[in-house]
K.L.:
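First, the structure itself, so that you have it in front of you.
Because only heavy atoms are used, hydrogens play no part in the values below, and waters and symmetry mates are left out as well, while side chains stay in. Quick note on labels: first sequence line is chain A, next is B, and so on, each numbered from 1.
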Amino acid sequence: MTQVNLKTDEELIAEFQAGNENAFVELVDRYKDRLINFVYRFLNDMTDAEDLVQETFLKVYKNKHAYREIAKFSTWIYTIAGNLARSELRKRKRRKTYTMSDLSYADNEFTPVDTDKDTEGIVFNSYAGEEILKAIKNLAEPFKTIIILRDIQELSYEDISTILDIPMGTVKSRVNRARLKLQETLSYLRE
Amino acid sequence: MQNNECVFICEQFTEYRENTLSIELKSQVDTHLAACSSCAKVFQELGLVLDKLKQLPTLSTTQEFTNILMARIQHLDQESVLHRMYNSSYTRVAGYAIAAGLIVAIGLNIWIDPVSLSNPDRSPGYAVQQQSNQIPQSKSFAGQIDSSSDKTEDSLKIQYKSIDSGSQKLQLVNDSE
Ligand SMILES: [Zn+2]
């Protein structure tokens, strides 16, 4: 193990800001898989998700001096990736035209089912698994985001509050509402 | 069938599960769940949902991910070097243009300056100084002579033009009066 592995994210970004490119590579190694798991849940396409994670790191590289030590590096990079993912979703929505009949539910809090190819189906094709993936896909964006951050990425309420720039109380209530939405969707799918 | 209390109880589920509710609120949820089968069902299903979320497979980036990224960064760096080079030569050209403009402006000023016109002894000195500033890069002496004589002719033409336009301006002012 090299010495660089023992360093905190914040130490690595500081080294990178000082010109050490190896520190950047170490940050890429630490975050690439975490970010792909985060971003994939929005885009449901592995190629697009990888592209978006690449864009995230390119932004970090180009804007390394925008990072200030007052925030954790993780919340900073999740914010960048989350913003990119949301703007990609908005672009997709503009590209596609939907009618309300495309929706599986008479609930405008749900977004249309994504018809993009589902890479994950190959590795995760149990009925129960498919069910929950479908349910996540159908969640409205704010609920989807909070479920991904809290229940899939297992981030703390405090970090989520920083990433989404909303108060802790709102994070907690949104997590609860999102979970209830998910439970409601799953029970609807089973009926 | 759920009522307002059911909605309130369901809102507490996350904190109830994490055991962060006050003792009073926790016992209110306990009591409600024991009596309301609808909420008890939701709570139980919520637990299953959370279990399923935990079981989602972990995805990984492709093996070439970092190599592709670093290649893109290298390309980016090369682009920015080219951009800087372009910018600097552009700035240099702009600088030369401004300098040339200033020299012409100063030259014009001398020619139409009434003091230098009325005192011809002073003007050649200035003119020679300006001319030598204009041609510092000429390599041959012959070239210097040629270009300086051309410039003097041009400057004279400009001088007349300037005087003409000056009188036109005056005339316009007179007209408006
Ligand atoms: Zn109830």
K.L.:
Tell me every residue that passes salt bridge (Lys or Arg N to Asp or Glu O under 4.0 Å) with A:D51, counting only those two or more places apart in sequence or in another chain.
P.N.:
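For A:D51, no residue satisfies salt bridge (Lys or Arg N to Asp or Glu O under 4.0 Å) once neighbours in sequence are set aside.
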K.L.:
Under 4.5 Å between side-chain heavy atoms, hopping through other hydrophobics if needed: is there a path connecting A:V60 to B:I68?
P.N.:
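They do not share one cluster, since no chain of ILVMFWY contacts under 4.5 Å joins A:V60 to B:I68.
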K.L.:
Report the C-alpha separation of B:L48 and A:Q183 in whole Å, then their side-chain angles, then the decisive distance to 0.1 Å, and conclude whether the side-chain contact (heavy atoms from CB on, under 4.5 Å) test is met.
P.N.:
CA-CA 9 Å; B:L48 296 174; A:Q183 178 271 330; over 6 Å; no
K.L.:
Non-hydrogen atoms of chain A under 4.5 Å away: do they reach the side chain of B:L50, the backbone, both or neither?
P.N.:
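Side chain of B:L50 only, per the 4.5 Å heavy-atom cut-off to chain A.
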K.L.:
Supply the atom-to-atom distance A:F57 CZ to B:T66 OG1, rounded to the nearest 0.5 angstrom.
P.N.:
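Between atom CZ of A:F57 and atom OG1 of B:T66 there are 8.0 Å.
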K.L.:
Just how far is it from atom CG of B:L76 to atom NZ of A:K62, taken to the nearest 0.5 Å?
P.N.:
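NZ of A:K62 is found 5.0 Å from CG of B:L76.
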K.L.:
Can you tell whether the side chains of A:K32 and B:E64 come within less than 4.0 Å, N to carboxylate O?
P.N.:
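A salt bridge is absent here (no side-chain N lies under 4.0 Å from a carboxylate O).
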K.L.:
So which atom in A:S187 and which in B:E45 form the shortest heavy-atom distance, rounded to 0.1 Å?
P.N.:
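Of all heavy-atom pairs spanning A:S187 and B:E45, the closest is CB-OE1, 3.6 Å.
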K.L.:
Evaluate side-chain contact (heavy atoms from CB on, under 4.5 Å) for B:E11 paired with A:R177, printing each intermediate quantity in order.
P.N.:
CA-CA 7 Å; B:E11 281 169 2; A:R177 283 182 65 204; 5.7 Å; no
K.L.:
Under 6.0 Å from the NZ atom of A:K59, do we count more than 12 heavy atoms belonging to anything else shown?
P.N.:
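12 or below, so no.
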K.L.:
Is A:I147 in contact with chain B via its backbone, its side chain, both, or neither, using a 4.5 Å heavy-atom distance?
P.N.:
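The answer is the side chain of A:I147.
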K.L.:
If you define the side chain from C-beta out and look only at heavy atoms, does anything of A:I36 sit under 4.5 Å from B:F65?
P.N.:
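With C-beta onward as the side chain, the pair stays apart.
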K.L.:
Decide side-chain contact (heavy atoms from CB on, under 4.5 Å) for B:T62 and A:E50; before the verdict, give the C-alpha distance in whole Å, the side-chain angles of both, and the deciding distance to 0.1 Å.
P.N.:
CA-CA 8 Å; B:T62 49; A:E50 269 215 9; 2.8 Å; yes
K.L.:
Quick one: what part of A:V25 sits under 4.5 Å from any heavy atom of chain B, side chain, backbone, both or neither?
P.N.:
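For A:V25, side-chain heavy atoms alone lie under 4.5 Å from chain B.
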K.L.:
Mind checking the OG1-CG spacing from B:T14 to A:D151? Nearest 0.5 Å is all I need.
P.N.:
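Going from the OG1 atom of B:T14 to the CG atom of A:D151 covers 8.0 Å.
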K.L.:
Same hydrophobic cluster for A:Y157 and A:L182, using side-chain heavy-atom links shorter than 4.5 Å among ILVMFWY?
P.N.:
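In one cluster with A:Y157: A:L182, yes.
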K.L.:
Just to verify, what does A:A66 make a side chain to side chain contact (heavy atoms under 4.5 Å, CB included) with, not counting sequence neighbours?
P.N.:
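For A:A66 the side chain to side chain contact (heavy atoms under 4.5 Å, CB included) partners, ignoring immediate neighbours, are A:N63, A:W76.
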K.L.:
Nearest 0.5 Å, please: how far is OG in B:S60 from CZ in A:R34?
P.N.:
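The CZ atom of A:R34 sits 13.5 Å away from the OG atom of B:S60.
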K.L.:
In terms of heavy-atom pairs under 4.5 Å, which option from B:R72, B:E15, B:K54 contacts chain A the most?
P.N.:
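Maximum pair count with chain A is reached by B:R72.
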K.L.:
Quick one: CD on A:E21 to CD on B:Q74, what's the gap to the nearest 0.5 Å?
P.N.:
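If we round to the nearest 0.5 Å, A:E21:CD and B:Q74:CD are 9.5 Å apart.
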K.L.:
Could you please state which residues from residues 158-176 of chain A sit under 4.5 angstrom from chain B, measuring non-hydrogen atom to non-hydrogen atom, sorted by number, or 'none'?
P.N.:
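Result: A:K172, A:V175, A:N176.
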K.L.:
Would you say the side chain of B:L69 lies within less than 4.5 Å of the side chain of A:V53, judging by non-hydrogen atoms?
P.N.:
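A side-chain contact is absent here, since even the closest heavy-atom pair is not under 4.5 Å.
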K.L.:
In sequence, state the C-alpha distance, the side-chain angles, and the governing distance for B:I73 and A:F24, and then conclude on side-chain contact (heavy atoms from CB on, under 4.5 Å).
P.N.:
CA-CA 11 Å; B:I73 283 170; A:F24 174 75; 3.3 Å; yes
K.L.:
With a 4.5 angstrom heavy-atom cut-off, which part of B:E18 approaches chain A: side chain, backbone, both or neither?
P.N.:
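For B:E18, the side chain is the part near chain A, not the backbone.
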K.L.:
Atom CG in B:L59, atom CG in A:N37: separation rounded to 0.5 Å?
P.N.:
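If we round to the nearest 0.5 Å, B:L59:CG and A:N37:CG are 4.5 Å apart.
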K.L.:
Remaining members of B:I9's ILVMFWY cluster at a side-chain heavy-atom cut-off under 4.5 Å?
P.N.:
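Under the 4.5 Å side-chain rule, B:I9 groups with A:L180, B:F8, B:F13, B:Y16, B:L21, B:L25, B:V29, B:L33, B:V42, B:F43, B:L46.
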K.L.:
Using modelled atom types and a 3.5 Å cut-off, is there a donor and acceptor pairing between side-chain atoms of A:D33 and backbone atoms of B:T61?
P.N.:
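Yes, the answer is positive, given that a donor and an acceptor are paired below the 3.5 Å cut-off.
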